[in-house]
Asks: 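After the structure tokens below, expect a handful of questions from me.
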Amino acid sequence: MEQDVESPAIVRKPKLPKQAREYLPKQLAEIDRAKKVQRYVQKDGKCNVHHGNVRETYRYLTDIFTTLVDLKWRFNIFIFVLVYTVTWLFFGFMWWLIAYLRGDLNHIADNDWTPCVNNLNGFVSAFLFSIETETTIGYGYRVITDKCPEGIVLLLVQSVLGSIVNAFMVGCMFVKISQPKKRAETLVFSTNAVISMRDGRLCLMFRVGDLRNSHIVEASIRAKLIKSKQTKEGEFIPLNQTDINVGYNTGDDRLFLVSPLIICHEINQSSPFWEISQAHLAKEELEIVVILEGMVEATGMTCQARSSYISSEIKWGYRFTPVLTLEDGFYEVDYNSFHDIYETNTPTCSAKELADMTSRTRLPLTWSLASKLSQQGLPESEQESRETKTSLDNQEKSQQSEKNGDIANLESESKV
């Protein structure tokens, strides 16, 4: 019977030895790890750089406020609760110590005794009184008397320190909550960057957008090329940063970010992509970091959003799908098509080669000797001999005319 063409053929894999079967997954894992590109900046904007061997750790304590704000939420909340609990316990112990030294705890049921704090009969009640004092609750059951000067001094100290702790910790939590990083979550970048023709020039493009109705004021865009290089002197510079012009000279880098915009970088002689072709781009180990900055309209704080594109995320010969449509009285943005691209006719050569070919086509047509010969159908040697013979005949004619002129002059002089 004939085997069906569409049915898959059964291919039995050769049985490998046990050592080879154990070694093969490790080898494949190493190959995949080698192919994996290490990013300098993640797609969500986080910088993939860790600081190690920092000996001057005291510098973090000199700016303790920023250090607390930069901590993760779980550590921040833990420190917030810990600071308040420690201050309450400390001043509760101080109130209990004053009552113990004055002997108030020994005269709890004595109505003729004037204690420092009424109704303070132990450490628990002293701790509650400390909380009431620092948080200015004041239930009215435990009250300080005017016969306790040391208690009045402690009350002043706790009130001042309590206000400082409140200002510091509440301010830290407020800044932590209102960080502009959260506003940057609604600033989106396209998944891929594209390279295609625009106005007769090869351009690198990517798209940015804002998901909120509140705008980013004074928005500006920057781009950096992250690529290792080696200087002419042999110095190796890892992760060298090169500016990518996205409209700094023309002002196109200052954005009115109401609807999604396509940021364009013209690949010209000053561009780092001037000599990179489509085939060369696939072999390059580079990364483009884009930075969008501006002020949040609601809070006035500066906001920064970042993203990056590696060489595999730069699509050659594509354009972005339009997302803006005109509806009845307004413009509508379809964010479902924000990352969509479509293929377009684009030369695969580099911008330098494209410029050379364009300049050649624009040169004026000149009739060279070879073109004349090709049109007349004469061999080059025969044409050259004819031209040489013609020039010799012209020279002989001019010399003969000069001789005839000299003879005529002599005859006229002899007659005279």
Side-chain angles (χ1 to χ4, degrees), residues 39-48 69-70 72-73 76 173-196 198 203-226 244-248 250-265 287-310 312-315 318-344:
R39 287 182 178 272
Y40 188 67
V41 176
Q42 301 290 343
K43 293 294 287 185
D44 57 358
K46 295 181 181 179
C47 297
N48 195 18
V69 172
D70 290 340
K72 296 182 179 180
W73 269 107
N76 208 309
M173 292 298 293
F174 175 77
V175 173
K176 184 74 175 178
I177 294 171
S178 61
Q179 271 186 322
K181 293 181 181 179
K182 303 304 178 183
R183 179 62 177 89
E185 296 292 335
T186 54
L187 297 174
V188 292
F189 297 87
S190 58
T191 305
N192 298 306
V194 298
I195 294 179
S196 61
R198 174 177 280 192
C203 297
L204 170 70
M205 294 171 284
F206 57 92
R207 184 148 59 185
V208 297
D210 189 2
L211 301 179
R212 289 188 179 273
N213 292 325
S214 59
H215 308 310
I216 297 293
V217 183
E218 296 292 334
S220 61
I221 190 76
R222 291 185 292 129
K224 293 278 188 180
L225 175 65
I226 309 297
I244 299 177
N245 190 358
V246 289
Y248 177 78
T250 60
D252 292 337
D253 61 332
R254 293 185 289 272
L255 310 178
F256 182 50
L257 196 59
V258 178
S259 61
L261 299 175
I262 296 177
I263 310 302
C264 179
H265 163 65
E287 182 177 355
I288 300 174
V289 177
V290 293
I291 305 169
L292 176 62
E293 293 180 335
M295 290 190 302
V296 182
E297 187 179 27
T299 61
M301 301 179 67
T302 302
C303 172
Q304 184 181 95
R306 297 181 295 267
S307 186
S308 68
Y309 303 97
I310 57 178
S312 60
E313 295 171 347
I314 303 174
K315 305 299 181 181
Y318 286 84
R319 289 179 184 170
F320 287 105
T321 303
V323 295
L324 194 64
T325 57
L326 178 60
E327 301 295 335
D328 188 10
F330 62 92
Y331 293 95
E332 184 176 359
V333 179
D334 182 15
Y335 278 98
N336 290 329
S337 305
F338 182 82
H339 303 282
D340 294 346
I341 56 178
Y342 65 95
E343 192 171 1
T344 183

Asks: How close do Ala184 and Gln304 get, heavy atom to heavy atom, and via which atoms?
Replies: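 It is CB-O, 3.5 Å.
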Asks: If you draw a 6.0 Å radius around OH in Tyr331, do more than 12 non-hydrogen atoms from other residues or ligands fall strictly inside?
Replies: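 At most 12 heavy atoms, drawn from other residues, nucleotides or ligands, come within 6.0 Å of this atom.
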Asks: Taking atom CZ of Phe330 as the centre, does the number of heavy atoms from other residues, nucleotides or ligands within less than 6.0 Å exceed 12?
Replies: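 Correct, the count exceeds 12.
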Asks: So, taking the atom named CD1 in Ile262 and the one named SG in Cys203, what distance separates them when rounded to the nearest 0.5 Å?
Replies: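 Reported value, rounded in 0.5 Å steps: 11.0 Å.
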Asks: Inspect the surroundings of CG in Asn213 and state if more than 12 heavy atoms from other residues, nucleotides or ligands are less than 6.0 Å away.
Replies: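 No, not enclosed.
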Asks: Atom CD of residue position Glu218 - does it have more than 12 heavy atoms of other residues, nucleotides or ligands inside 6.0 Å?
Replies: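 No - once you tally the heavy atoms of other residues, nucleotides and ligands closer than 6.0 Å, there are 12 at most.
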Asks: Working to the nearest 0.5 Å, report the span between CD1 of Ile221 and CG of Leu261.
Replies: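 Going from CD1 on Ile221 over to CG on Leu261, the span is 9.5 Å.
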Asks: Could you tell me whether the side chain of Thr186 and the main chain of Leu211 form a donor-acceptor pair under 3.5 Å?
Replies: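 No, the answer is negative, given that no donor and acceptor are paired below the 3.5 Å cut-off.
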Asks: Can you name the closest pair of heavy atoms from Lys176 and Asp70 and give their distance?
Replies: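 Here Lys176 and Asp70 meet closest at NZ-C, 4.2 Å.
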Asks: Within the side chain of Lys43, is there an N or O that forms a donor-acceptor pair under 3.5 Å with the backbone of Thr191?
Replies: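 Side chain of Lys43 to backbone of Thr191, a donor-acceptor pair under 3.5 Å: yes, one is there.
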Asks: Measuring only between side-chain heavy atoms, which start at C-beta, is Asp340 closer than 4.5 Å to Phe320?
Replies: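 Answer no - side chains too far apart.
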Asks: On a heavy-atom basis, which atom in Leu257 and which in His215 lie closest, and how many Å separate them?
Replies: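 Answer, listing the atom of Leu257 first, then His215: O-ND1, 4.3 Å.
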Asks: For side-chain contact (heavy atoms from CB on, under 4.5 Å), just list the numbers for Val188 and Val208, CA-CA rounded to whole Å, side-chain angles, deciding distance to a tenth of an Å, and then say yes or no.
Replies: CA-CA 6 Å; Val188 292; Val208 297; over 6 Å; no
Asks: With side-chain contact (heavy atoms from CB on, under 4.5 Å) as the test, would you mind laying out the steps for Ile263 and Met205 before giving the verdict?
Replies: CA-CA 5 Å; Ile263 310 302; Met205 294 171 284; over 6 Å; no
Asks: Provide the closest heavy-atom pair for Tyr309 versus Phe189 in the form atom of the first, atom of the second, distance.
Replies: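 For Tyr309 and Phe189, the tightest heavy-atom pair comes out as OH-CB, 3.7 Å.
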Asks: Drop me the distance from Asp252's CG to Asn245's CG, to the nearest 0.5 angstrom.
Replies: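 That separation rounds to 9.0 Å.
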Asks: Main chain of Lys315, side chain of Asn192: is a donor-acceptor contact present, judged purely on distance under 3.5 Å?
Replies: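 Such a contact is absent between Asn192 side chain and Lys315 backbone.
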Asks: Quick one: do Arg212 and Glu185 satisfy salt bridge (Lys or Arg N to Asp or Glu O under 4.0 Å)? Show the steps, please.
Replies: CA-CA 10 Å; Arg212 289 188 179 273; Glu185 296 292 335; over 6 Å; no
Asks: Nearest 0.5 Å, please: how far is CD in Glu313 from CZ in Phe206?
Replies: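 So the gap between those two atoms works out to 13.0 Å.
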Asks: If you define the side chain from C-beta out and look only at heavy atoms, does anything of Met295 sit under 4.5 Å from Met301?
Replies: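 No, their side chains stay 4.5 Å or more apart.
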Asks: What are the two closest non-hydrogen atoms of Ala223 and Val246, and how far apart are they?
Replies: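 For Ala223 versus Val246, the nearest heavy atoms are CB-CG1, 4.1 Å.
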Asks: Is there side-chain contact between Ile288 and Ile244, with heavy atoms separated by less than 4.5 Å?
Replies: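 With C-beta onward as the side chain, the pair touches.
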Asks: Please examine the side chains of Leu225 and Val289, heavy atoms only from C-beta on, and report whether any two atoms are closer than 4.5 Å.
Replies: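 Side chain of Val289 against side chain of Leu225, heavy atoms only: no contact under 4.5 Å found.
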Asks: Taking atom CD1 of Ile216 and atom CG of Leu255, what is their separation to the nearest 0.5 Å?
Replies: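 Those atoms lie 11.0 Å apart.
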Asks: Is it the case that more than 12 heavy atoms not belonging to Tyr335 sit under 6.0 Å from its OH atom?
Replies: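 Counting neighbours around OH of Tyr335, more than 12 heavy atoms of other residues, nucleotides or ligands fall under 6.0 Å, so yes.
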Asks: Taking all non-hydrogen atoms of both residues, which atom of Cys303 and which atom of Val296 are closest, and how far apart?
Replies: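 Looks like CB-CG2, 3.7 Å.
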Asks: Look up atom CG in Asp328 and atom CD in Glu332, then write down how far apart they are to the nearest 0.5 Å.
Replies: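 Those atoms lie 11.5 Å apart.
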Asks: Are the side chains of Leu324 and Pro260 in contact, using a 4.5 Å heavy-atom criterion?
Replies: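 They are not in side-chain contact.
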Asks: Are any of the side-chain heavy atoms of Val323 and Ser259 separated by less than 4.5 Å?
Replies: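 No. Closest side-chain heavy atoms not under 4.5 Å.
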Asks: Within the 3.5 Å criterion, strictly below it, is a donor on Ser308 or Glu287 matched to an acceptor on the partner's side chain?
Replies: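 A pair is found: one side chain offers a donor N or O, the other an acceptor, under 3.5 Å apart.
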Asks: Indicate yes or no: at least one non-hydrogen side-chain atom of Glu293 is less than 4.5 angstrom from one of Ile291.
Replies: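 Sidechains of Ile291 and Glu293: in contact.
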Asks: Hey, is the main chain of Thr321 close enough, under 3.5 Å, to the side chain of Arg207 for a donor-acceptor pair?
Replies: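 Yes, because the side chain of Arg207 sits within donor-acceptor range (under 3.5 Å) of the backbone of Thr321.
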Asks: Give a yes or no answer on whether the side chain of His265 reaches the backbone of Leu204 with a donor-acceptor pair at less than 3.5 Å.
Replies: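 Checked: no pair found.
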Asks: Does a side-chain N-to-carboxylate-O contact under 4.0 Å join Asp210 and Arg183?
Replies: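 Judged by the 4.0 Å cut-off on N to carboxylate O distance, Asp210 and Arg183 do form a salt bridge.
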Asks: Between Cys47 and Arg306, is there a side-chain heavy-atom distance shorter than 4.5 Å?
Replies: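 Answer yes - side chains close enough.
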Asks: Tell me whether the NZ or CZ atom of Arg319 lies within the 45° cone about the ring axis of Tyr342 and under 6.0 Å from its centre.
Replies: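 No.
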